[in-house]
Amino acid sequence: GIQVEQSPPDLILQEGANSTLRCNFSDSVNNLQWFHQNPWGQLINLFYIPSGTKQNGRLSATTVATERYSLLYISSSQTTDSGVYFCAVVGGSTLGRLYFGRGTQLTVWP
Amino acid sequence: DSGVTQTPKHLITATGQRVTLRCSPRSGDLSVYWYQQSLDQGLQFLIHYYNGEERAKGNILERFSAQQFPDLHSELNLSSLELGDSALYFCASSVGTGGTEAFFGQGTRLTVV
């Protein structure tokens, strides 16, 4: 299967700081998604971004498919941004099955 | 709200028992996926159904089975439960099979005691 590596594994920030989370994957993909898992365990869709750049408020993401990586940018972080951020990909022949990275645990302090 | 509904939200049961987890996909979605999230294994794919047919299997134990019904809801059956089966079980749905965006339910937190 496809290997997905996320970095850093842990990130601690003060409110207002900016951060960049990285996702590297080992093969070409049909789909790449970023999720936020909140403290209640819910997986919330952030971006569906197999290639290109998207922005949604304070969050933006860029995927460079040819170089097999994606970046998630969080600006002006807030305490509600805390949680685990997952990157997940679908390979060319995996029928929609998502391969997940191990996640980045983000803690934002007031 | 993702539009994917999972029941129950929490389940506590004893070793050796059998439970059924239920998932209703988003309206119009034909694909249903089941994932297991445990502390040591992360998020693992279990099984995929598309329009009632099994399309792919992942790390699903023989004690586990699933099906998708004509109304497209899906059930995951877990039997002969062991302590190690305690985990968060997610259902996800998507329109097709080729990597369209997947949406996740709130999950069922299973505790085996």
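A, B, ... follow the sequence lines: proteins, then strands. Residue 1 opens every chain.
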So, the part of Gln37(B) with a heavy atom under 4.5 Å from chain A: the answer is side chain
- Does His48(B) reach the side chain of Arg97(A), with side-chain heavy atoms less than 4.5 Å apart? no
What one should report as the nearest heavy-atom pair of Val90(A) and Ile2(A) is C-CD1, 4.3 Å
- Aromatic plane relationship, Phe104(B) with Phe90(B) - under 30° parallel, 30 to 60° tilted, over 60° perpendicular: perpendicular
Of all heavy-atom pairs linking Thr97(B) and Tyr33(B), the shortest is CA-OH, 4.1 Å
Residues 17-39 of chain A vs chain B, non-hydrogen distance cutoff under 4.5 Å, contacting residues -> Asn30(A), Asn31(A), Gln33(A), Phe35(A), Gln37(A)
For the hydrophobic clusters of this structure (ILVMFWY residues joined by side-chain heavy atoms under 4.5 Å, transitively), does one cluster hold both Leu81(B) and Leu76(B)?
yes
Residues passing the side-chain hydrogen bond (donor to acceptor under 3.5 Å, both in side chains) test with Arg22(B), sequence neighbours excluded, are His73(B)
So, the part of Leu88(B) with a heavy atom under 4.5 Å from chain A: the answer is side chain
Okay, Gln6(B) and chain A: the region with an atom under 4.5 Å from a heavy atom over there is neither
- State, yes or no, whether a side-chain contact exists between Val32(B) and Leu72(B) at a heavy-atom distance under 4.5 Å. no
